[in-house]
Participant: 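Got a structure here, written out as structure tokens. Questions coming.
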Number of protein chains: 2
Amino acid sequence: MGRWKPDARGRLLQAAIDLFGEQGYEETTVAQIAERAGLTKATLFRHFSDKREILFQGQGALVEAATAAVGGAPDDAAPFELVAAGVTALCAVHREDDRGLGRRLGAITASSAELQERAALKRSIVTDALFRALADRLDDVHLAGVLADAGIRAYYDGYAAWVADADGGATLRETAAAELRAYEALIRP
Amino acid sequence: MGRWKPDARGRLLQAAIDLFGEQGYEETTVAQIAERAGLTKATLFRHFSDKREILFQGQGALVEAATAAVGGAPDDAAPFELVAAGVTALCAVHREDDRGLGRRLGAITASSAELQERAALKRSIVTDALFRALADRLDDVHLAGVLADAGIRAYYDGYAAWVADADGGATLRETAAAELRAYEALIRP
DNA sequence: GTCTATACAATGATAGAC
DNA sequence: GTCTATCATTGTATAGAC
């Protein structure tokens, strides 16, 4: 311990977000990011499998949260209670006090086709995890599909609304739950 | 005219599919593809914006087909008839007699994370196009979202079933329509 | 067991000639 | 529209330093 400065990942993430904000994503090289973090390119690739992944690490946690929440719901939970549990767990992964990070990440992602592609992949992975967990409990793949899609829509649209909100407005849990209620009215389980 | 061999795009696509099948996607370089098509790497990139795009060109046609079908449906069409029109139009983009191409493409895509990422992006783009077209007609973003997601699920799952079918089985239109009916029973517009 | 150094292959962009 | 040529960047691989 103490042989290297601590929190290399955190420093890389911070350097990346700063540089992307200053110069744009495509204009920033991984060598620049590594340099600002006091590391080398090779070390950066030890922490992140590729350049896009610097901004999208959180996805593993989302899959696990949704899967565990749906799988661990009470035996007598109604179909829609299962999705609600999953969506609530997804929201709980984020820090309720940090809209700023979401705003910055959103702006950077919107600026690059490469990042939108990664974002689409992440969304599909989380959707599939929720779908599998629901199908496991419901034994009805079509119902599981409709519920998973609605839950993910509620989560993403709720996230967008939460990020766009002035600070101090509704919590992420609340904005996502409001979206989910609108979808609940349209589905008959 | 006649200064170059015709159908460069078609030759590139054929060469790519053949080589990917023989050697695998990641093991095949764009230089090899261009060479087999009798062209150079630089020319390949004039026809396709990147290596992944060689396999995923069809997407522009899907967006236009779905948008036009939903937008052009009768004024008194019920919400579910709008989705059905969109899904039918998506199916019509494919040749009903060529399951083999879909099978080959599916196998190649499954073999590479890079291609799965592009596939996820394409699905999200088509979903969004269908969503916008439906929202335009329905004036209800939540209903449009649920219907778009269900329609895209029916299309993709129907496509998978059609491709997996022995030749001579149900048409793509039929397998997708069967999926769509299952979703219709779960949604109240 | 994490970091550095270096060399390397492949993608994709660019400029100019035919 | 295609070719040649050159180039920067990503991402991998290897061997070694602390």
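This one's a predicted model, so the numbers in the text were calculated from it and none came from an experiment. Note on naming: letters A, B, ... go to the chains in the order of the sequence lines (proteins, then strands), and numbering restarts at 1 for each one.
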Participant: So, are Arg118(A) and Glu53(A) salt-bridged, with charged N and O less than 4.0 Å apart?
Facilitator: yes

Participant: Please report the distance, rounded to the nearest Å, between NZ in Lys51(A) and P in dT12(D).
Facilitator: 15 Å

Participant: Once you round it to whole Å, what is the distance between C1' of dT11(C) and CZ of Arg118(B)?
Facilitator: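 Rounding to the nearest Å, CZ of Arg118(B) and C1' of dT11(C) are 13 Å apart.
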
Participant: Rounded off to whole Å, could you give me the CG-to-P distance for the Asp50(B) and dG11(D) pair?
Facilitator: 13 Å

Participant: Against the six-membered ring of Tyr25(A), is Arg52(A) placed for a cation-pi contact (under 6.0 Å from the centre, within 45° of the normal)?
Facilitator: no

Participant: Salt bridge between Lys51(B) and Glu26(B), side-chain N to carboxylate O under 4.0 Å?
Facilitator: no

Participant: Mind checking Arg9(B) for me? I need base, sugar-phosphate or nothing, with any heavy atom below 4.0 Å counting as a touch.
Facilitator: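 Counting heavy atoms under 4.0 Å across all strands, no contact is made by Arg9(B).
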
Participant: Within this structure, what is the CG-to-P distance between Leu115(B) and dT11(C), rounded to whole angstrom?
Facilitator: 12 Å

Participant: In whole Å, I'd like the distance from the CD atom of Glu114(B) to the P atom of dT11(C).
Facilitator: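 Nearest whole value for this atom pair: 9 Å.
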
Participant: Sorted by first residue and then second, give each side-chain hydrogen bond (donor to acceptor under 3.5 Å, both in side chains) pair with at least one member in residues 176-189 of chain A; sequence neighbours left out.
Facilitator: Glu179(A)-His142(B)

Participant: Where is the tightest heavy-atom contact between Ala73(B) and Leu82(B), given as atom of each residue plus distance?
Facilitator: CB-CD2, 3.5 Å

Participant: With a 4.5 Å cut-off on side-chain heavy atoms, are Asp140(B) and Leu134(B) touching?
Facilitator: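 When only atoms from C-beta onward are counted, Asp140(B) and Leu134(B) do not touch, as no gap falls below 4.5 Å.
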
Participant: Using whole Å, report how far CZ of Arg52(B) lies from P of dG12(C).
Facilitator: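 That distance rounds to 5 Å.
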
Participant: Using atom CD of Gln23(A) as one end and atom C1' of dA8(D) as the other, report the distance to the nearest whole Å.
Facilitator: 15 Å

Participant: Return the value, rounded to whole Å, for the distance between atom CD of Gln32(B) and atom C1' of dA9(C).
Facilitator: 12 Å

Participant: Would you tabulate the pairs of protein nitrogen or oxygen atoms and nucleotide nitrogen or oxygen atoms of nucleotides 3-6 of chain C closer than 3.5 angstrom?
Facilitator:
{"from": "dC3(C)", "atom 1": "OP2", "to": "His47(A)", "atom 2": "NE2", "distance (Å)": "2.9"}
{"from": "dT4(C)", "atom 1": "OP2", "to": "Thr40(A)", "atom 2": "N", "distance (Å)": "3.4"}
{"from": "dT4(C)", "atom 1": "OP2", "to": "Thr43(A)", "atom 2": "OG1", "distance (Å)": "2.6"}

